[in-house]
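Throughout, a chain's letter reflects where its sequence line sits, starting with A, and its residues are numbered from 1. Only a predicted model underlies this, so the values are computations on that prediction, with no experimental measurement involved.
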2 protein chains.
Amino acid sequence: MSSAKINAAIDNLKEAGVRITPQRHAILEHLIQSMSHPTADEIYKALEGKFPNMSVATVYNNLRVFKEAGLVKELTYGDSSSRFDCVTTDHYHIICDSCGKIVDFHYPGLDEVESLAESVTGFDVGRHRMEIYGVCPDCKRKH
Amino acid sequence: MSSAKINAAIDNLKEAGVRITPQRHAILEHLIQSMSHPTADEIYKALEGKFPNMSVATVYNNLRVFKEAGLVKELTYGDSSSRFDCVTTDHYHIICDSCGKIVDFHYPGLDEVESLAESVTGFDVGRHRMEIYGVCPDCKRKH
DNA sequence: AGACTAATTATAACAATTATAAAGTAATAA
DNA sequence: TTATTACTTTATAATTGTTATAATTAGTCT
């Protein structure tokens, strides 16, 4: 059950002093339950059945709120629109060049890379991102 | 002198059957000589002295041509507009969270990560991207 | 309840990018 | 050389993702 995750996320938000509105609940729920990495527009469309009057701005506003609370990460790949990902545990993404599918991929953080970068460039390194690209099994099968 | 690089790039394009127009030459030259990683608009503005009539579309078109020829890479970070980078040797980027500066950072490719991802996910892995984020020396000094 | 703050909605604005059509330029063939 | 063709550039309009604004609604606090 992912309702435990949802509750944990909501507790997290409440502690940060964020009000849990029905829209926020629904957006969060959708993000956690859909194993995909939806765009703002996809979330908007997915919820317009439940919330016929909800505005796109609400989706964007709340994604920003969740981001600021550290619950959600914004993924900016080459395509036009950002995708949003619930941060649960540390993981990277592998992306299919053919169909665009994004799959989680767990790997121990690249700490050595960070420390080398720090010494070479003189930056104070805070974090990094990495994505891997290839062709997913489904697309391989379809030749 | 980077004129050698420019000539090499031009030969590359010619072999691929791409016509070298004055605009293309100038865009390429600017990309190679400016050590920065300019946006399409920055390139456009930088060249409007030389080419007062050049259209933004020309910049975008030709960046796409260069990309397809494998000479240029598009970098999509969180900010609104893409940046473009001449592919010379393999390198990663380290980005300042405070001022946005992008610095090249050479590191041996992360081949083990790619092969692990391949075995774990079943993808055929082609490539990967990585960026490191932190605070640059200049911004550190400014506190 | 009344006052205050925050959230949502509807809509407009914006900015990056792409598409279109017309005009120009170079390459090729007769 | 001229005609034909394909490719480029230009100017402009259209699209699209995202953000800003103002008005309305809903929640919170004393």
Side-chain angles (χ1 to χ4, degrees), chain A residues 9-10 13-31 36-69 71-85 100, chain B residues 10 13-31 37-69 71-85 100:
Chain A
I10 287 177
L13 285 172
K14 276 184 184 161
E15 270 183 42
V18 175
R19 232 181 250 170
I20 306 301
T21 66
Q23 293 90 335
R24 282 182 181 164
H25 193 283
I27 293 170
L28 208 50
E29 195 178 13
H30 181 79
L31 264 172
S36 68
H37 304 75
T39 63
D41 197 59
E42 281 165 4
I43 297 171
Y44 174 64
K45 293 224 168 72
L47 299 181
E48 76 180 352
K50 263 190 188 169
F51 298 87
N53 299 334
M54 187 168 64
S55 141
V56 229
T58 301
V59 177
Y60 278 102
N61 285 339
N62 291 327
L63 286 172
R64 180 161 25 81
V65 170
F66 298 157
K67 244 170 57 186
E68 284 164 2
L71 279 175
V72 163
K73 250 189 179 171
E74 184 172 359
L75 313 175
T76 58
Y77 303 137
D79 44 2
S80 43
S81 52
S82 289
R83 304 186 154 273
F84 295 87
D85 186 29
Chain B
I10 287 176
L13 285 172
K14 276 184 185 163
E15 270 184 41
V18 175
R19 233 180 249 171
I20 306 302
T21 65
Q23 293 90 335
R24 282 182 181 163
H25 193 284
I27 294 170
L28 208 50
E29 195 177 13
H30 181 78
L31 264 171
H37 304 76
T39 63
D41 197 58
E42 280 165 6
I43 298 172
Y44 174 64
K45 293 224 169 71
L47 299 180
E48 75 181 351
K50 263 190 187 170
F51 298 88
N53 298 334
M54 187 168 64
S55 143
V56 228
T58 301
V59 177
Y60 280 101
N61 284 340
N62 291 327
L63 287 172
R64 179 161 26 82
V65 170
F66 298 158
K67 244 170 57 185
E68 284 165 0
L71 279 175
V72 163
K73 251 190 180 171
E74 184 172 358
L75 313 175
T76 58
Y77 303 136
D79 45 0
S80 45
S81 51
S82 289
R83 305 188 154 272
F84 296 86
D85 185 30

Just verifying a value: how many Å separate [X] [atom1] and [Y] [atom2], rounded to the nearest 0.5 Å?
X       : Y       : atom1 : atom2 : value
A/His37 : A/Asp85 : NE2   : CG    : 4.0 Å
B/Leu47 : B/Ile27 : CG    : CD1   : 6.5 Å
B/Leu28 : B/Phe66 : CG    : CZ    : 4.5 Å

Starting from [atom2] on [N], measure out to [atom1] on [X] and report it in whole angstrom.
X       : N      : atom1 : atom2 : result
A/Arg83 : D/dT18 : CZ    : C1'   : 16 Å
A/His25 : C/dT8  : NE2   : P     : 14 Å
A/Leu13 : C/dA7  : CG    : C1'   : 14 Å
B/Tyr60 : D/dT15 : OH    : C1'   : 13 Å

Stepwise side-chain contact (heavy atoms from CB on, under 4.5 Å) test for B/Glu42 and B/Arg83
CA-CA 9 Å; B/Glu42 280 165 6; B/Arg83 305 188 154 272; 3.7 Å; yes

Under 4.0 Å from any atom of DNA chain C, heavy atoms only: list the residues of residues 42-50 of chain B that qualify, in numerical order.
none

I'd like a table of donor-acceptor pairs (distance under 3.5 Å, sequence neighbours excluded) in which one partner is a side-chain atom from residues 52-60 of chain B, with atom names and distances.
from    : atom 1 : to      : atom 2 : distance (Å)
B/Ser55 : OG     : B/Ala57 : N      : 3.0

Could you point out which residue of B/Ile10, B/Asn62, B/Leu13 forms a side chain to side chain contact (heavy atoms under 4.5 Å, CB included) with B/His25?
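Of all the options given, the one that passes is B/Ile10.
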
Just to be sure I understand the rule, does A/Thr39 reach a base, reach only the sugar-phosphate, or reach nothing, if contact means heavy atoms closer than 4.0 Å?
nothing

side-chain contact (heavy atoms from CB on, under 4.5 Å) assessment of B/Lys67 paired with B/Leu63
CA-CA 6 Å; B/Lys67 244 170 57 185; B/Leu63 287 172; 5.9 Å; no

Where along nucleotides 5-12 of chain D does protein come under 4.0 Å, by heavy atom, of base (B) or sugar-phosphate alone (S), with - for untouched nucleotides?
--BSSBB-

